[in-house]
Amino acid sequence: MYKDIKGGNKKKKHGKRLGLEIMKLGEDNSVLKLGSVIPIHSKLTIGRNEDNQLVLKDPYVSGHHAVIFLKNTDYVIEDLKSTNGTLLNNIKLEKQSYLNIDDEIAIGEYVFKIIG
């Protein structure tokens, strides 16, 4: 009876779902298209290596460049000690940072906008 009152077996959904809208493309734009949206689920790995979820073919992007992940109910971005860094709203990331709608992320020649 207690489970029925409290919502028992219902799955909890994340408070918000975010996506990355592509605002600017790098040199190799054969796969990604300007204005496309990449959904962010619980984790999104970004880099030049093929084992990343979002592969960016750009000489300024490291093999494993950055990661966006869900922390409780908020999304966080972290630079993975990349050679050229990751910019969040034109400021170089030095530590994990929370993401908000309309934030801009620059990785190599690519620029993404957080939408929700």
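No hydrogens, no waters, no symmetry mates; every other heavy atom, side chains included, goes into these values. Since the model is a prediction, treat every value here as computed from it, not as a measurement.
- We find that K57 and E50 are joined by a salt bridge, their nearest charged nitrogen and carboxylate oxygen being less than 4.0 Å apart.
- When the options V55, N52, I107 are evaluated for a side-chain contact (heavy atoms from CB on, under 4.5 Å) with I46, the one that passes is I107.
- Using a 4.5 Å cut-off between side-chain heavy atoms of Ile, Leu, Val, Met, Phe, Trp and Tyr, with links allowed through other members, L25 and L56 fall into the same hydrophobic cluster.
- Between the side chain of S97 and the backbone N or O of I77, no donor-acceptor pair lies under 3.5 Å.
- Closest heavy-atom contact between H41 and R17: CA-NH1, 3.9 Å.
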Contacts table for residues 88-95: side-chain donor-acceptor under 3.5 angstrom, sequence neighbours left out:
| unit_1 | atom_1 | unit_2 | atom_2 | d |
| --- | --- | --- | --- | --- |
| N89 | OD1 | E104 | N | 2.8 |
| N89 | ND2 | D103 | OD1 | 3.0 |

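- For the pair E21 (side chain) and V37 (backbone), a donor-acceptor distance under 3.5 Å is absent.
- Panel note: side chain H65, backbone K81; no donor-acceptor pair is recorded below 3.5 Å.
- Connection of I101 to I105 is established within a shared hydrophobic cluster, with ILVMFWY side chains joined at heavy-atom distances below 4.5 Å, either directly or through further cluster members.
- In terms of heavy-atom proximity, T86 sits nearest to A66 at OG1-CB, 4.0 Å.
- Using a 4.5 Å heavy-atom threshold, the side chains of I38 and F112 count as touching.
- Looking only at distances, no side-chain donor or acceptor of S82 sits under 3.5 Å from a matching main-chain atom of D79.
- One N or O on the side chain of S62 and one on the backbone of T83 form a donor-acceptor pair closer than 3.5 Å.
- Checked against side chain to side chain donor-acceptor pair (under 3.5 Å), D51 has the following partners two or more places apart in sequence or in another chain: H64.
- Within a 6.0 Å sphere centred on CZ of F69, other residues, nucleotides and ligands contribute more than 12 heavy atoms.
- L70 approaches T73 most closely through the heavy-atom pair CD1-C, 4.0 Å.
- Contact check for L32 versus L54: side-chain heavy atoms found under the 4.5 Å cut-off.
- Shortest non-hydrogen contact noted between D102 and K113 is OD1-CE, 3.1 Å.
- M23 and V31 fall into different hydrophobic clusters, where Ile, Leu, Val, Met, Phe, Trp and Tyr are joined by side-chain heavy atoms under 4.5 Å apart, directly or via other members.
- Distance check, rounded to the nearest 0.5 Å: CG of L44 to CG of L20 gives 6.0 Å.
- Counting all heavy atoms, side chain and backbone alike, L18 lies closest to I114 at CD1-CG2, 3.8 Å.
- Of all the heavy atoms in V76 and K71, the pair that sits closest is CG2-CB, 3.8 Å.
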